Structures are given as C-alpha cells and as structure tokens.
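Beneath this line is the structure, given in structure tokens, with notes to follow.
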Amino acid sequence: MNTVKIPAVGQHWPEQGGFRIGSMRGIDGQPDYELILSPSEVHEGLGNVAWGKYGQKVVNADHENDGLANTLALVAAGNETAIAIQTLASEGHQDLYWPSRAELAVIRANAPELLDKGWYWSSTQYGSGTAWYQSFDDGSSDINSKGSTLRVCAVRRFIIPSTI
C-alpha cells in the first residue's frame, strides 16, 4: 500500500508544489483536501491588482470556502486576476487557483509567515461592488471595493487518497 508522507503545517512539500497549510473540509459532498500555498515567487509577479470591475456581480463567485469554484466562475466571466492566477505554475503543478475567504483565513491562522504583511484579496465576492480581503497584519477580514488594489496569492489542493 502506498502511503503519502505529509509534512508539518508550514513546511515545504516539494511533491505538491508549495507549502502545506493544513487540511480543509470538503463542502457539498466534495472530498476533504490539503491546502497548498504556492511559493511567493510564483505569485509576487502579479503585484497589487483590482479584484474586478466595480458594479459587476459574478455568478457563482461568492463561495466562502471553495476558492476553486470561485476561480472557475471568475475565469468564465473574464476576470483578469483569476485568469492570471490560473495561468501560473508552481514546481510543475498547473492547477493553481485564487483562495476563498476561508482558505485565506486558514493561511493566516496556520502559516502567516509565508506571506508578506498587508492585505490580500480572496476570490469571494460580497456583492456587485465589494469582495472579501484578509489582513496579514492584524488578522482581520473585511470587504473592500472591487476597484481597490491589493495583493493576491495562489493555492492548489491535494486530495488525500482514502485508505478505506
């Protein structure tokens, strides 16, 4: 039987293309997964970006927990930031996405040292004019105008094979 060696939270996981952040619960019948943060050099080239167009509500981009679903909806709607994140690659992996509000909160809780201080957009919109962000200074989470420019990061997920 093959077993997967899982590193400690915050440690680099070469086989998965980044840093292990922790286990995430699958929602709506989706499997649980390990959240992997890409190394900063992968996403730092994106700089500060606007979330999207103020006044435009993107259908299915309001998932609190599912950044992958948000990213897919945003890409389908032509969101430049989501498209840029989806084109990134991390250590051979090309399935990166923009983390949700909950996924960013887990990064902040489990391994805040892996991202620069400041504010990061989540892929979770609040409405037509605002979206959620996460502070890596004081840990707060709030909404901001979609036209404001903040940092973004990229993550991927690794489904742990069942031993059953």
Side-chain angles (χ1 to χ4, degrees), residues 1-44 46 51 58 60-76 79 81-126 131-144 150-164:
M1 168 170 54
N2 273 349
T3 58
V4 176
K5 287 194 169 199
I6 301 174
V9 168
Q11 297 300 304
H12 187 245
W13 195 351
E15 298 84 1
Q16 295 306 319
F19 295 87
R20 178 178 178 239
I21 299 304
S23 299
M24 299 292 294
R25 180 177 172 204
I27 303 295
D28 296 329
Q30 296 296 316
D32 297 345
Y33 59 94
E34 290 295 321
L35 185 65
I36 312 298
L37 175 66
S38 68
S40 60
E41 60 269 12
V42 170
H43 54 256
E44 68 187 5
L46 297 173
W51 189 92
V58 179
N60 294 324
D62 52 6
H63 296 276
E64 292 282 329
N65 297 298
D66 194 345
L68 180 57
N70 288 341
T71 301
L72 294 173
L74 289 163
V75 166
N79 179 285
T81 301
I83 292 168
I85 289 171
Q86 196 179 50
T87 63
L88 297 173
S90 183
E91 300 176 10
H93 295 275
Q94 296 182 311
D95 56 352
L96 299 176
Y97 65 90
W98 191 353
S100 69
R101 179 181 183 201
E103 289 166 329
L104 270 182
V106 171
I107 296 169
R108 173 60 172 81
N110 288 355
E113 71 280 0
L114 294 176
L115 290 175
D116 292 334
K117 298 283 187 192
W119 298 329
Y120 286 78
W121 279 123
S122 79
S123 62
T124 308
Q125 72 183 337
Y126 183 75
W132 288 97
Y133 73 86
Q134 175 68 52
S135 169
F136 278 77
D137 290 322
D138 65 12
S140 64
S141 177
D142 206 346
I143 57 173
N144 199 351
L150 304 176
R151 293 181 180 118
V152 293
C153 64
V155 297
R156 64 181 303 272
R157 53 181 66 177
F158 174 66
I159 310 296
I160 302 292
S162 174
T163 58
I164 299 176

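On a predicted model such as this, the values are computed, not experimentally measured, just so you know.
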For E34, all residues meeting side chain to side chain contact (heavy atoms under 4.5 Å, CB included), sequence neighbours excluded: W13, R20, S23, I36, F158, I160

Close side-chain approach of L46 and I85, heavy atoms under 4.5 Å: yes

Pairs touching residues 5-18 that satisfy salt bridge (Lys or Arg N to Asp or Glu O under 4.0 Å), sequence neighbours left out: none

Distance, nearest 0.5 Å, that separates CD of Q11 from CD1 of I6: 13.5 Å

Partner set under side chain to side chain contact (heavy atoms under 4.5 Å, CB included) for E91, not counting sequence neighbours: H12, P39

Inter-residue atom distance R108.CZ - D137.CG, 0.5 Å rounding: 8.0 Å

Contact summary for N70 and A61, nearest pair of heavy atoms: OD1-C, 3.2 Å

Stepwise side chain to side chain contact (heavy atoms under 4.5 Å, CB included) check, L88 with S38: CA-CA 10 Å; L88 297 173; S38 68; 5.9 Å; no

Separation between CD of Q86 and CG of L68, rounded to the nearest 0.5 Å: 8.5 Å

Partners meeting side chain to side chain donor-acceptor pair (under 3.5 Å) with N79 (sequence neighbours left out): none

Distance-minimising heavy-atom pair for C153 and L104: SG-CD2, 3.8 Å

Spacing of CD belonging to E64 relative to CD1 belonging to I27, to within rounding of 0.5 Å: 10.5 Å

Full working for side chain to side chain contact (heavy atoms under 4.5 Å, CB included) between L35 and I107: CA-CA 9 Å; L35 185 65; I107 296 169; 4.2 Å; yes

Residue list, side chain to side chain donor-acceptor pair (under 3.5 Å) with Q30, at least two apart or on another chain: none

Contacts of type side chain to side chain donor-acceptor pair (under 3.5 Å), residue N144, not counting sequence neighbours: S148

Minimum-distance pair of heavy atoms, taken over all atoms of S123 and T71: CB-OG1, 4.5 Å

E44 atom CD, over 12 foreign heavy atoms within 6.0 Å: yes

OH/Y126: more than 12 non-hydrogen atoms of other groups inside 6.0 Å: no

Qualifying residues under side chain to side chain contact (heavy atoms under 4.5 Å, CB included), relative to D138, sequence neighbours excluded: S135, S140

Q134 (side chain) donor-acceptor with G139 (main chain) under 3.5 angstrom: yes

Donor-acceptor under 3.5 Å (T124 side chain, W132 main chain): no

For the student: nearest non-hydrogen atoms of P99 and V155, plus distance: CB-CG2, 3.9 Å

Student check: side-chain heavy atoms of S90 and R156 closer than 4.5 Å: no

Pairs flagged by ring-ring contact (aromatic ring centres under 6.0 Å, His included) wherever residues 94-120 is involved - sequence neighbours left out: W51-W98, W119-Y133, Y120-F136

By side chain to side chain donor-acceptor pair (under 3.5 Å) - contacts of S100 (at least two apart): E103

Listed partners of D32 passing side chain to side chain contact (heavy atoms under 4.5 Å, CB included), at least two apart: R25

Acceptor/donor pairs from residues 110-118 side chains to any protein atom, 3.5 angstrom cut, sequence neighbours excluded:
residue	atom	partner	partner atom	Å
N110	ND2	I21	O	2.9

